[in-house]
Each structure stands twice: as C-alpha cells, then as structure tokens.
Amino acid sequence: MSEPDDATLPLTIEVPGKPPSLNQFYSGMHWGRRKKVRDDWHEKTALHAPDVSVEEYPVAVECVVLWGSGRRYDAENLAAGSKLITDGLVEAGVLRGDGPKEIRRVSLEARLMDGDGHLTRYTIKEA
C-alpha cells in the first residue's frame, strides 16, 4: 500500500446523503443504532475521500449541508454529521486527528438546493 500524497488546501470532500441531526443522534437513538449510523458514515466518508493526507496544521473546517426536499435541520443540528465526517477522515488517514492542535475552527451552514437529495460539502482550509 502506497503512502497518500500531501493534500493541497483547501480540500473539499462531498458526501451524499442526509446526515443525522444532533438531536436525533445523541438524544433519542439507541446506542446500537447510533453505532451503525456512525460506521455507515465513516465508511461513506472513506469512499469519497481522496487518497491524500493533510500535513499543514492547524486547519479550519467548513461543513455545508445542501438540502433538497424534505425536512431540514437548523445549522446547529448539523454538528453530528460534521463530527461523523471528521472522524471518518481521521480513520481514512486524511486528517491526523481532530483535537485542538489539528482543528482550530468548525463552521456549520445549511443551504437549500434545487431538486431532491442531500449532500454534505466538507472543506478543510488553512486556519
């Protein structure tokens, strides 16, 4: 297995699907279901992640969820989805960690898009 290339920032990863809401994920979901959702999002993130590794730290993260039709969350409720993608990128080796030495700032944004479906656009930038 070869070493991943160094990432050029900004680096954007797009993960399709509707992320779980913070309320749903931590308040009312059974631990077994929460683990399955977590594992699914980590796997989905790894599938969409480039084979690169961020070398310049600390970074800032921008997480934008594009909403199609259906129920939409407020921006603060996007934190669970952002966290799942961050953890998936750590597992995939794109990020070396998610502590304050690595990630200095996280911003969350909810936007509407035309059509159906959902997409989370996760961008890693210089802090």
Side-chain angles (χ1 to χ4, degrees):
M1 190 162 147
S2 66
E3 287 291 314
D5 293 329
D6 290 351
T8 302
L9 299 182
L11 174 65
T12 299
I13 297 104
E14 293 186 339
V15 182
K18 183 178 180 180
S21 77
L22 183 63
N23 293 340
Q24 170 193 33
F25 196 69
Y26 287 110
S27 297
M29 191 180 290
H30 184 272
W31 69 267
R33 172 84 175 113
R34 189 168 49 240
K35 181 180 180 330
K36 177 161 179 19
V37 169
R38 186 198 72 192
D39 292 349
D40 289 348
W41 272 85
H42 288 185
E43 183 178 327
K44 187 186 308 192
T45 298
L47 287 172
H48 291 87
D51 188 22
V52 297
S53 178
V54 173
E55 297 299 322
E56 300 285 325
Y57 290 95
V59 297
V61 169
E62 178 182 278
C63 184
V64 178
V65 177
L66 303 165
W67 296 98
S69 62
R71 183 163 183 229
R72 299 170 180 120
Y73 311 146
D74 55 61
E76 289 180 318
N77 243 333
L78 304 175
S82 178
K83 175 66 173 158
L84 290 171
I85 292 173
T86 299
D87 290 347
L89 292 174
V90 171
E91 284 185 16
V94 175
L95 294 169
R96 72 174 177 214
D98 62 355
K101 289 182 179 177
E102 290 83 24
I103 299 177
R104 178 163 297 154
R105 181 176 55 258
V106 176
S107 67
L108 304 170
E109 183 177 345
R111 288 189 196 161
L112 301 179
M113 68 178 187
D114 293 332
D116 293 330
H118 303 84
L119 179 71
T120 302
R121 187 174 291 140
Y122 185 98
T123 303
I124 303 165
K125 302 176 178 186
E126 292 180 23

Just wondering, do [Y] and [X] contact through their side chains at under 4.5 Å, heavy atoms?
| X | Y | answer |
| --- | --- | --- |
| Ile13 | Ile124 | yes |
| Arg121 | Thr12 | yes |
| Trp67 | Lys18 | yes |
| Leu95 | Glu102 | no |
| Trp41 | Val15 | yes |
| Lys125 | Glu62 | yes |

Step by step, would you call Arg38 with Leu84 a side-chain contact (heavy atoms from CB on, under 4.5 Å)?
CA-CA 6 Å; Arg38 186 198 72 192; Leu84 290 171; 3.5 Å; yes
Could you see if [X] belongs to whatever hydrophobic cluster contains [Y]? Use Ile, Leu, Val, Met, Phe, Trp, Tyr and a side-chain cutoff under 4.5 Å.
| X | Y | result |
| --- | --- | --- |
| Leu119 | Val65 | no |
| Leu66 | Val61 | no |
| Leu108 | Leu112 | yes |
| Val64 | Met113 | yes |

What is the distance from atom [atom1] of [X] to atom [atom2] of [Y], rounded to the nearest 0.5 Å?
| X | Y | atom1 | atom2 | answer |
| --- | --- | --- | --- | --- |
| Arg96 | Lys101 | CZ | NZ | 8.5 Å |
| Glu43 | Leu47 | CD | CG | 5.5 Å |
| Arg34 | Gln24 | CZ | CD | 11.0 Å |
| Thr123 | Leu9 | OG1 | CG | 10.5 Å |
| Thr120 | His48 | OG1 | NE2 | 11.0 Å |
| Ile85 | Glu14 | CD1 | CD | 10.5 Å |

Show your reasoning for whether side-chain contact (heavy atoms from CB on, under 4.5 Å) applies to Val94 and Leu11.
CA-CA 10 Å; Val94 175; Leu11 174 65; 4.0 Å; yes
Would Ser53 and Glu55 count as having a side-chain donor-acceptor pair, cut-off 3.5 Å?
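Their side chains do contain a donor-acceptor pair, which is all the 3.5 Å distance test asks for.
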Which heavy atom of Gly81 sits nearest to which heavy atom of Pro19, and what is that distance?
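Result for this residue pair: CA-CB, 3.8 Å.
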Would you name the heavy atoms of Val59 and Ala127 that are closest together and state the gap between them?
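Nearest pair, atom of Val59 first, then Ala127: C-CB, 3.7 Å.
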Within the distance-only criterion (no hydrogens, no angle test), does the side chain of [X] pair as donor or acceptor with the backbone N or O of [Y] below 3.5 angstrom?
| X | Y | value |
| --- | --- | --- |
| Asp5 | Val52 | no |
| Tyr122 | Thr45 | no |
| Asp87 | His42 | no |

Return yes when atom CD of Glu56 has more than 12 non-hydrogen atoms of other residues, nucleotides or ligands closer than 6.0 Å, and no otherwise.
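Result for CD/Glu56: open.
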Leu78 vs Cys63, test: side-chain contact (heavy atoms from CB on, under 4.5 Å). Steps then yes/no.
CA-CA 8 Å; Leu78 304 175; Cys63 184; 5.5 Å; no
Taking side chain to side chain donor-acceptor pair (under 3.5 Å) as the definition, give me every residue that meets it alongside Glu109, ordered by chain and number, with sequence neighbours left out.
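Side chain to side chain donor-acceptor pair (under 3.5 Å) list for Glu109, sorted by chain: Arg111.
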For Asp98 and Lys83, run side-chain contact (heavy atoms from CB on, under 4.5 Å): C-alpha distance rounded to whole Å, both residues' side-chain angles, the deciding distance at 0.1 Å, then the answer.
CA-CA 9 Å; Asp98 62 355; Lys83 175 66 173 158; 2.6 Å; yes
